[in-house]
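Order of listing sets the numbers, starting from 1, for every ligand and every atom in it. Sequential numbering from 1 along the given sequence is applied to the chain's residues.
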Amino acid sequence: FVIAVLAIVLGLTLRQKTNTFKTTFIARCERFKGYDCENIWVAFEQAYVGQDACNVPMEAYDHLVTNMGLFKPACNRMMFWSKTKDVVHDFTKKRDCFLTLEDTILGSVLDSLTWCGKEGSSDTFTTGCPEWNYCENNPVRSFWKSASSAFADVACGNVTAMLNGSIPTPFHPASIFGSIEVKRLNSTRTRSLNVVLVTQKNMLTNCTNASLKELEKALDEGIKYNCKEVTESQIQDCSSNEDIPCGACW
Ligand code: C8R
């Protein structure tokens, strides 16, 4: 009897988990008008539910990410980043100059969430899921790989990337930016990649950094490369001052 009660309580707790996660998903989704959020949820969930949490490849999200028309090109306004999440989003929240993956419906809905499934269960779990590096094919990592591919595929015109000038290696070939996005930029659509190297007063790196030479080499031939060192306070000034035109921020 005690076991039965425990099983029911546990069952309800897990059910609660799915419901809370789904509630967040739908509520965030509904901030975007004109989408069928229930339909997007079903396409999302089928990628990982009932699967081993280390056995969800990025292709599991193909249907969600490529068939539902959730990524639209925004030429000259696309913003990539690596190790600069907070500065970038502080800026994009306040100004309309650039569009990051988190400004698209899927990126916005799933930003900072954790989820996974379990074999033999139709629930979504938010605890006990593998960490980012625990196994390659975990549901969260595979999602960001898949969404980042789709986001980079629609990039066009002049694109921007904010990289971190306060670390020794601003460009990591193994990051999502390095391993997925840079490789998918295509010279027939993308004219240039403009690196904004975000520096602080104690500048550790500048545009001559060896890792940035690697970035330049990794670009599809025909895409122009530029790099500019910009202080974090210059970016913050532009965030908080609407009178500075986007093109004059740096
Ligand atoms: N991108 C990747 N990871 C993202 C993300 C996103 O948009 N949004 C979130 N919240 N995350 P990093 P990177 C989470 O190492 O690997 C796209 C992931 O859970 O600083 O080069 C985006 O378009 C993961 O743990 O950067 C951007 O251009 C970290 O943030 C690159 O890929 C990854 O952060 C950034 O990926």
Side-chain angles (χ1 to χ4, degrees), residues 21 24-25 28-29 44 47-48 53-54 56 58 61 64-66 70-74 76-93 97-116 126-127 129-156 158-186 189-190 192-198 205 209 211-212 214-215 218-219 223 225 227 232 235:
F21 185 87
T24 307
F25 186 103
R28 287 183 176 190
C29 177
F44 167 71
Y48 63 87
C54 278
V56 177
M58 61 185 278
Y61 292 98
L64 172 72
V65 161
T66 56
L70 301 176
F71 296 93
K72 298 175 188 102
N76 307 319
R77 290 180 58 223
M78 303 270 288
M79 170 69 85
F80 299 97
W81 52 266
S82 194
K83 311 286 182 284
T84 51
K85 191 171 194 269
D86 294 342
V87 207
V88 172
H89 292 124
D90 176 59
F91 183 74
T92 53
K93 245 184 244 134
C97 305
F98 296 102
L99 200 80
T100 63
L101 180 50
E102 283 69 26
D103 300 303
T104 69
I105 184 164
L106 278 183
S108 157
V109 166
L110 293 162
D111 189 20
S112 72
L113 299 183
T114 300
W115 65 91
C116 63
T126 54
T127 55
C129 297
E131 296 287 329
W132 185 264
N133 283 322
Y134 179 77
C135 50
E136 169 89 19
N137 287 337
N138 70 67
V140 174
R141 183 162 167 172
S142 293
F143 167 77
W144 289 111
K145 283 164 64 179
S146 174
S148 302
S149 305
F151 187 63
D153 282 346
V154 300
C156 48
N158 303 311
V159 306
T160 307
M162 273 197 191
L163 303 183
N164 191 332
S166 302
I167 54 177
T169 320
F171 176 68
H172 287 268
S175 65
I176 291 193
F177 175 65
S179 65
I180 307 240
E181 293 175 329
V182 167
K183 289 188 179 156
R184 296 185 81 114
L185 295 177
N186 173 312
R189 300 175 55 86
T190 303
S192 69
L193 173 71
N194 301 291
V195 170
V196 172
L197 189 64
V198 185
T205 9
N209 184 278
S211 77
L212 297 174
E214 291 308 309
L215 167 56
L219 283 177
I223 300 181
Y225 168 87
C227 178
E232 198 170 332
I235 297 171

Q: With a 4.0 Å cut-off on heavy atoms, is Ser148 in contact with ligand 1?
A: yes
Q: Within a strict 4.5 Å, meaning less than it, do heavy atoms of the Asn76 and Asn158 side chains meet?
A: yes
Q: Does this structure show an ion pair linking Glu102 with Lys93, if we count only N-O contacts that are shorter than 4.0 Å?
A: no
Q: For ligand 1, which is the ligand I care about here, please tell me if Phe177 has any N or O atom under 3.5 Å from one of the ligand's N or O atoms.
A: yes
Q: Closest non-hydrogen protein atom to atom 35 (C) of ligand 1, residue and atom name please, with distance?
A: Trp81 O, 2.9 Å
Q: Using a plain distance cutoff, I'd like to know if Trp132 has any nitrogen or oxygen under 3.5 Å from a nitrogen or oxygen of ligand 1.
A: no
Q: Determine if the distance from atom 6 (C) of ligand 1 to the closest protein heavy atom is below 4.0 Å.
A: yes
Q: Donor-acceptor pair, distance only, cut-off 3.5 Å: does the side chain of Asn164 make one with the backbone of Lys83?
A: yes
Q: For Arg141 and Trp132, indicate whether the former's side chain and the latter's backbone hold a donor-acceptor pair under 3.5 Å.
A: yes
Q: Would Met79 count as a polar contact of ligand 1, with the cut-off being nitrogen or oxygen pairs under 3.5 Å?
A: no
Q: At their closest point, which heavy atom of Trp144 faces which heavy atom of Gly107, and how far apart are they?
A: CH2-O, 3.7 Å
Q: If I apply the N/O under 3.5 Å rule, does Lys83 come out as touching ligand 1?
A: yes
Q: Which bit of Trp144 gets closer than 4.0 Å to ligand 1, counting heavy atoms only: side chain, backbone, both or neither?
A: side chain
Q: Are Cys97 and Phe91 side-chain neighbours, meaning at least one heavy-atom pair lies under 4.5 Å?
A: yes
